[in-house]
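Notes for the one structure printed next.
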Number of protein chains: 2
Amino acid sequence: MSPQPRTGLGTNQEAVRRHNLGTLLRHVHRRGQSTRADLTRGMGLNRSTIAGLVTELESLCVVESTDTVGSPRGAGRPSVVVRLAPSGPYVVAVEVGVDRMVVARVGLGGVVHQRATAISSGTEAWQVGSTVASLVREVVDQAPSDAAMVGIGIAVPGLVRRSDGLVRLAPNLEWADVSFGSIVLAALGVEVPVSLANDADLGALAEHERGVAVGVGDLIYVSGNVGVGAGIITGGISLAGAGGYAGEIGHLQFKPGGRPCHCGNRGCWETEVGAHAIAQAISLPTDQVPRLDEVLAGYSRPTRELRAIGTMIGHGLASVINAVNPEMIVLGGYFSALHSLVRDEIEAGVSDRTLSSPFETVSLELPALGADSVLMGAAEMAFEPLFTDPVSALGSAIQDVRTRVAG
Amino acid sequence: MSPQPRTGLGTNQEAVRRHNLGTLLRHVHRRGQSTRADLTRGMGLNRSTIAGLVTELESLCVVESTDTVGSPRGAGRPSVVVRLAPSGPYVVAVEVGVDRMVVARVGLGGVVHQRATAISSGTEAWQVGSTVASLVREVVDQAPSDAAMVGIGIAVPGLVRRSDGLVRLAPNLEWADVSFGSIVLAALGVEVPVSLANDADLGALAEHERGVAVGVGDLIYVSGNVGVGAGIITGGISLAGAGGYAGEIGHLQFKPGGRPCHCGNRGCWETEVGAHAIAQAISLPTDQVPRLDEVLAGYSRPTRELRAIGTMIGHGLASVINAVNPEMIVLGGYFSALHSLVRDEIEAGVSDRTLSSPFETVSLELPALGADSVLMGAAEMAFEPLFTDPVSALGSAIQDVRTRVAG
DNA sequence: TGGAGTTTGTTGTCTGGATCGACCAGTCCG
DNA sequence: CGGACTGGTCGATCCAGACAACAAACTCCA
């Protein structure tokens with residue numbers, strides 16, 4: 001019943017309270033608001049226990065109870081509504097892209113309070129770090145002074161080591177072994193929990209928590225960009241792998257002897273379906289690849305070349321579906337735009353090459369959060385400690401953020 | 001801290017007790033025996049709490065305490081040794097192969113008490129079921145009459161639906177949608193918990209619990225037989241997928257336009273590295289494929305063709321390593337025999353095609369349980385309810401097995 | 001050989017958290 | 001307006017784990 005099983009450990013009562021408190025908060029965070037009666041049913045605990053938990057979260061200034069709400073249908077006394085406190089804790093979500101950076105201040109419930117964007121002026125880590133830092137300052141500027149910042153979540157297009165958040169390799173930023181979290185913290189001049197992860201992993205997380213894949217335990221978010229990566233969630237848990245590098249499905253062997261890939265091999269899947277391959281298929285010059293999204297949006301009917309790419313996307317996905325048996329594939333990045341053009345080819349490619357049992361249950365979907373999946377995933381990641389142990393997470397949160405990160 | 005998180009549920013004291021009881025038993029099961037002092041450290045609970053848990057398990061006749069053991073080194077009072085009760089509960093493990101069946105009575109700690117084997121006389125499900133039933137009777141015959149049978153675990157070479165254990169497809173047995181669990185129960189004439197799973201999944205489980213991969217949280221057991229499948233464990237949890245069909249890596253697209261595969265496509269990985277491809281590489285007639293193991297054992301040096309297969313095994317594994325980032329790959333089935341012949345080719349194939357980050361941490365190993373991996377995995381699976389909730393698992397166990405399943 | 005030091009088992013007490021039951025507070029419906 | 005129903009509140013209770021004090025068993029060293 002605990003979200004992150006620590007193998008072999010026993011449980012004491014203290015842990016029970018922590019867990020129940022976090023679980024209740026997670027419920028409210030997911031639904032935005034909830035009645036105490038719903039929480040009682042959803043968590044399988046006693047009425048009075050829920051009352052105690054809610055009271056504790058209220059005293060932590062995280063939630064508040066509003067006595068009655070508009071339309072209580074059905075007989076019986078209407079239940080108290082528990083909603084998130086307006087000046088409750090928040091996180092800062094950062095999405096580092098190749099050509100731009102997005103930073104947002106996100107409250108519980110996934111509410112984006114403020115947002116700031118900048119075009120990259122260079123890809124050196126310290127440059128990116130200082131740009132991010134000033135965006136963070138901007139975004140934090142109008143936060144209520146009594147609201148606590150729980151942490152910063154950063155999405156990076158590359159391989160991120162799970163244990164310490166080190167960016168091992170981000171080919172499109174030309175980073176290798178960059179401790180980007182420390183760089184941002186240093187530029188901000190504060191100590192606050194920072195977590196980093198791969199962008200596709202966070203896309204999967206966000207779509208799982210508040211997107212198309214709510215309630216779906218096994219899903220794969222495929223991010224089709226210059227590189228092709230995947231975030232995999234199985235049994236409701238993010239598949240990290242030993243180092244945190246899982247999901248590099250762009251380097252599935254796809255076409256022996258095919259085009260050379262930056263990884264040193266030939267014929268990797270992403271050399272056939274990645275942004276450069278798509279651009280080439282529609283004769284778009286390499287320097288226009290960042291604009292691929294708008295260019296694709298301009299097409300009303302697919303070309304023969306695009307249809308061929310659709311088929312190859314389907315074939316590649318089929319391998320992944322056979323291996324992981326997901327319930328849903330969410331097509332992110334350029335694959336979203338392609339889906340509306342060559343949906344039939346993608347689906348035919350998938351059905352041709354999957355085994356029948358895993359095929360029966362899988363569906364292809366577009367991200368419900370649109371271009372914000374990754375950003376929202378970064379926010380969800382930063383909130384995570386709050387749902388594991390609200391009390392200690394709020395203990396390591398910082399107050400009075402505005403003055404402490406001032407320019 | 002609970003092994004199987006039920007998302008969103010709260011925890012009450014009853015659940016705590018169940019969990020701690022199960023966790024303690026799992027510890028003793030893993031190590032065979034353990035001192036109370038070790039358990040105290042390992043579970044992070046208080047001395048007196050452990051004492052209480054041990055007492056309860058003793059009263060359930062599952063473990064027993066022996067006052068002193070041979071060599072208590074170090075200062076201080078020697079700790080009481082907790083060991084498994086000799087006539088404690090057991091399970092029956094069944095491995096259904098294409099050409100033979102193995103059944104074993106396995107006690108806690110993974111001790112094989114009895115074992116029985118039969119050659120298949122036919123692959124019809126009812127035939128196999130009745131053969132299995134008589135092997136079960138044989139194996140249960142000398143069980144202490146006061147020992148309880150917790151359940152039956154069955155390994156099947158095919159796709160097994162997780163939710164109800166239905167065998168969706170077992171190509172080499174020519175089964176489709178066979179409820180093999182019910183067939184065996186009907187042939188035995190008893191009601192007892194039965195669980196079924198794919199053989200590769202159980203191989204992974206066994207190697208993780210008591211094989212080379214003890215302590216390894218992310219591993220893949222690759223079963224190289226007529227088909228090629230994998231059991232994947234990530235973060236210490238078995239990767240089942242939405243339906244339970246995850247791990248069908250034999251159907252990774254490997255060589256477009258290659259040989260036809262029984263799945264309807266061409267160039268699946270298993271058409272290049274499966275048993276038939278290996279047999280063809282050493283010019284072994286198709287009807288001799290079941291003997292492939294001994295034939296391979298006869299080689300002292302690899303042929304050029306076998307080396308090519310080794311390389312292709314490595315290339316296929318590389319795709320999987322990139323996608324899942326395991327810490328260890330365990331080579332089961334015919335791949336074990338091949339490994340000693342063409343180890344260099346396999347390893348070169350892997351290192352050529354993996355990204356550097358996932359490659360750094362992965363290692364290739366042979367199964368420590370040899371040919372018994374799958375059988376032991378079936379036993380572990382059947383024991384699992386006992387570690388989630390010992391009291392209720394013993395409640396649904398059956399006593400006096402011998403008389404109740406008498407032929 | 002015996003005492004100091006160390007580690008562990010045992011026992012009774014304490015504490016914290018969840019449950020339970022009784023009662024009360026709202027709302028719906030006839 | 002009163003019954004039926006649902007949900008909040010409060011005090012009593014239960015239960016599991018923690019704690020502390022003491023006893024037991026061992027090592028080591030003088």
Nearest-Å distance for atom pair CZ/P, residues A:R18 and C:dG16:
15 Å

Would you please confirm or rule out a distance under 4.0 Å between OP1 or OP2 of D:dT9 and any side-chain N or O of A:R36?
yes

Expressed as a whole number of angstroms, how long is the span from B:E14:CD to C:dC20:P?
9 Å

C:dG17 base to A:R17 side chain: any donor-acceptor pair below 3.5 Å?
no

Let me know the distance between CG of B:N20 and P of D:dA16, rounded to the nearest Å.
10 Å

Sugar-phosphate only, base, or nothing, as touched by A:T35 at under 4.0 Å among non-hydrogen atoms:
nothing

So, does A:S79 get its side chain near the phosphate of D:dG8, meaning an N or O under 4.0 Å from OP1 or OP2?
yes

I want to verify a distance call: between C:dA18, C:dG5, C:dC28, whose nearest atom is closest to the A:A75 side chain?
C:dC28

Round to the nearest Å and state the distance from A:L45 atom CG to D:dG8 atom C1'.
16 Å

Comparing B:S48 and A:G76 on DNA chain C - which has the more 5′ nearest nucleotide
B:S48

Looking only at side-chain N and O atoms, does B:S87 offer a donor or acceptor that is under 3.5 Å from a partner on B:D146?
yes

Remember a base hit wins even if backbone is also touched, and classify A:T40 as base, sugar-phosphate or nothing at under 4.0 Å, heavy atoms.
nothing

Looking only at heavy atoms, what is the nearest atom pair of A:Y90 and A:V140, with distance?
OH-CG2, 4.1 Å

A:R77 vs D:dT9: side-chain N/O to OP1/OP2 distance below 4.0 Å
no

Counting just side-chain N and O atoms, does B:N46 come under 4.0 Å of either OP1 or OP2 of D:dG17?
no

Can you check the A:I50 CD1 to C:dA18 P distance for me, whole Å?
9 Å

Looking just at side-chain N and O atoms, do B:T35 and B:D38 make a donor-acceptor pair shorter than 3.5 Å?
yes

With the side chain defined as heavy atoms from C-beta on, B:P78 is closest, among D:dG7, D:dC26, D:dA18, to D:dC26

Write down the distance between CG (A:L53) and P (C:dG16), rounded to a whole number of angstrom.
16 Å

A:H19 has an atom NE2; how far is it from atom P of C:dG17, in whole Å?
15 Å

Separation of atom CZ in B:R47 from atom C1' in D:dA24, rounded to whole Å:
12 Å

Using only heavy-atom distances, decide whether a donor-acceptor pair under 3.5 angstrom links the side-chain of A:Q13 to the base of D:dG17.
no

Cut-off 3.5 Å, side chains only: do A:E14 and A:H19 have a donor facing an acceptor?
no

Strictly by modelled atom types, are B:S392 and B:D389 linked by a side-chain donor-acceptor pair under 3.5 Å?
yes

